[in-house]
Novice: 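The following block contains the structure, expressed as structure tokens.
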Amino acid sequence: MSAFPMLSALTFLPLLGGLVVMGLPLSGGQLPRRVAFGFSAAALALTLLLWIGFDSGRGGFQFEESHTWIPGMAVNYHLGVDGLGLLMVLLAAVVTPMAILASGRIESPLYHGLMLWVQAGLFGTFTALNFFHWFLFWELSLVPAFFLIRLWGGPRRTEAATQFFVYTMAGSMALLLAFLGLFLAAHTFEFSKLAELGRRGELTSLLAARLGGRGLSGDHLGLLLFAGAFLGFAVKTPILPFHTWLPMTYAEAPAGTTMLLTGAMSKMGVYGLLRILAPIFPEQMQRLATPLLWLALATILCSAGAAFAQKDLKRILAYSSINHLGYCLLGIFAVANAGGISQAPGQERAAALSGACLQMFNHGITASLLFWFAGMLEERGAGCRGLDDFGGLRKVAPVLCGLMGIALFSSLGLPGLNGFVGEFLIFKGAFPLAPWAASGSVLGLLITAVFILTLLQRVFHGPLARQWSKLPDLTLRERFAVAPVIALIFVLGLFPQILLGPLGATVQQMVRSWSSG
């Protein structure tokens with residue numbers, strides 16, 4: 001265990017920062033944003049210290065903290081990160097200062113304080129190893145996000161915030177009920193202990209012995225609890241058909257809030273599938289692998305088709321976000337599909353899981369940057385953001401169009417940019433493990449190429465409308481703000497081992513655990 005509680009410090013730093021920012025005067029101008037950015041920058045620095053001190057050769061949890069909290073309920077304050085957790089913490093640490101920088105027109109101390117509280121919820125979710133503690137932070141990210149949408153969103157912000165809250169709260173309640181059932185059967189909230197019971201096949205017998213009866217066997221109860229937990233993560237990701245809250249939410253939320261939603265909060269659902277659902281319910285995942293793969297395929301294809309049909313720029317990016325997370329689902333469920341096949345190559349399983357983890361991080365960076373650019377266009381266009389509202393912008397704003405084009409090509413998966421590597425690894429692993437699902441998912445890449453190239457053509461090329469003849473290009477400050485993110489896109493595209501290195505031992509441990517399950 002670490003002598004200094006690094007993870008606790010990281011989690012509570014933005015909580016403290018949020019309180020400090022909310023205490024600033026309402027007439028402080030840009031002061032709340034600057035203070036909030038300072039706290040988020042400090043959190044990023046602390047995260048980089050964690051990254052430097054992380055031992056990539058170990059597959060287990062590091063920087064662990066464990067203290068008894070409520071002994072009678074088996075609740076412990078238990079923190080730790082492995083390669084997956086550290087990657088998600090780094091993502092939250094990078095996206096939050098980006099989102100704060102993108103919120104320059106909002107001067108409210110409450111807004112920037114709530115942004116830091118969302119970051120605290122993300123940090124707690126990605127580091128907690130006990131369900132009780134984990135669930136508190138899972139919900140902590142929900143409440144401030146609701147107010148960020150409701151108070152500072154677009155014309156339909158009330159409807160969007162309500163949909164967001166109702167859907168995610170319903171998923172959270174299903175998740176809570178599932179874990180209460182697990183606790184009644186196993187008398188523990190520790191993820192590692194529940195995963196060990198699931199791996200050894202003892203969870204089903206415990207469910208039958210302690211909760212069975214009235215025609216419900218251990219298998220039935222296991223499937224029921226699996227369904228509850230899956231629903232919680234499916235809404236958050238989201239997986240079709242539990243996605244309908246997302247397009248309006250992303251479209252109506254202010255740019256900085258949308259960046260947090262798509263860049264980090266959507267990864268909470270995929271993280272839950274990898275950290276919680278698959279290890280605790282390996283038998284159920286394997287049994288339902290085929291319908292889960294169908295859901296992944298539907299998520300990829302339907303969302304890509306929906307993105308192609310949209311005219312609103314933010315709704316295009318919203319559906320594109322669902323589409324890209326669908327590839328993560330493809331990798332995860334393909335590995336689950338191979339769980340009972342002893343001859344399934346471990347190398348391909350590792351490739352699929354590594355690709356899913358890498359795709360989460362790279363999509364978070366790229367999607368956040370795209371919504372940042374969309375917000376810039378909306379500001380410069382006096383609220384316009386339709387494909388048919390613009391045209392020929394590269395003539396008056398070449399830097400904005402050029403840098404946004406890089407982000408779009410990253411989303412497209414162009415080799416040399418960060419979006420390529422994760423998708424390549426996913427398909428490399430998925431084709432041998434679930435060839436029919438991987439083959440069908442390739443159509444999603446084609447549709448994505450069509451709607452992204454259509455966006456480029458309509459917004460950046462063609463004749464320039466007179467009303468946009470004086471549309472301003474990126475200012476020097478904006479160029480300096482986005483430059484590090486653009487550089488990161490190239491660095492991760494050319495040197496993905498920066499992220500894959502710390503992930504390697506964790507992924508190998510996951511492959512061994514899932515295979516033995």
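Computed from heavy atoms alone, side chains included, the values below leave out hydrogens, waters and symmetry copies.
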Novice: With sequence neighbours left out, which residue pairs that include part of residues 140-150 fulfil the salt bridge (Lys or Arg N to Asp or Glu O under 4.0 Å) condition?
Specialist: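 For residues 140-150: none.
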Novice: For Gln509, enumerate each residue passing the side-chain contact (heavy atoms from CB on, under 4.5 Å) test, keeping only those at least two apart in sequence or located in another chain.
Specialist: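 Gln509 satisfies side-chain contact (heavy atoms from CB on, under 4.5 Å) with Arg512 only.
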Novice: Return a table of donor-acceptor pairs under 3.5 angstrom between the side chains of residues 23-31 and protein atoms on other chains or two or more places apart.
Specialist:
unit_1: Gln30; atom_1: OE1; unit_2: Arg33; atom_2: NE; d: 2.6
unit_1: Gln30; atom_1: OE1; unit_2: Arg33; atom_2: NH2; d: 3.2
unit_1: Gln30; atom_1: NE2; unit_2: Gly104; atom_2: O; d: 2.8

Novice: Between side-chain atoms of residues 41-52 and protein atoms elsewhere (two or more places apart, or another chain), which donor-acceptor pairs fall under 3.5 Å?
Specialist:
unit_1: Thr47; atom_1: OG1; unit_2: Ala43; atom_2: O; d: 2.8

Novice: Return each pair, listed once, that meets side-chain hydrogen bond (donor to acceptor under 3.5 Å, both in side chains) where at least one residue sits in residues 108-120; pairs must be two or more places apart or across chains.
Specialist: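 For residues 108-120, and leaving out neighbouring residues, the side-chain hydrogen bond (donor to acceptor under 3.5 Å, both in side chains) pairs sorted by first residue read Thr96-Gln119, Ser103-Tyr111, Tyr111-Thr257.
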Novice: Among residues two or more places apart or on two chains, list those pairs meeting salt bridge (Lys or Arg N to Asp or Glu O under 4.0 Å) that have a residue in residues 7-32.
Specialist: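 Residue pairs passing salt bridge (Lys or Arg N to Asp or Glu O under 4.0 Å), neighbours aside: none found.
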Novice: With sequence neighbours left out, what residues match Phe424 under ring-ring contact (aromatic ring centres under 6.0 Å, His included)?
Specialist: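 Partners of Phe424 under the ring-ring contact (aromatic ring centres under 6.0 Å, His included) test: Phe420.
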Novice: What residues form a side-chain contact (heavy atoms from CB on, under 4.5 Å) with Ser192, not counting sequence neighbours?
Specialist: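 Expected list: Glu190.
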Novice: With sequence neighbours left out, which residue pairs that include part of residues 257-278 fulfil the salt bridge (Lys or Arg N to Asp or Glu O under 4.0 Å) condition?
Specialist: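 Listed by first then second residue: Asp82-Arg275.
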Novice: Who passes ring-ring contact (aromatic ring centres under 6.0 Å, His included) against Phe61, sequence neighbours left out?
Specialist: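 Phe61: no ring-ring contact (aromatic ring centres under 6.0 Å, His included) contacts found.
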Novice: In chain order, what residues pass the side-chain contact (heavy atoms from CB on, under 4.5 Å) check against Ala397, with sequence neighbours excluded?
Specialist: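 Partners of Ala397 by the side-chain contact (heavy atoms from CB on, under 4.5 Å) criterion, ordered by chain and then number, come out as Leu400, Leu471, Asp473.
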Novice: Among all residues two or more places apart in sequence or in another chain, which pass the side-chain contact (heavy atoms from CB on, under 4.5 Å) test with Ser266?
Specialist: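 Counting only residues at least two positions away or on another chain, Ser266 forms a side-chain contact (heavy atoms from CB on, under 4.5 Å) with Tyr250, Leu325.
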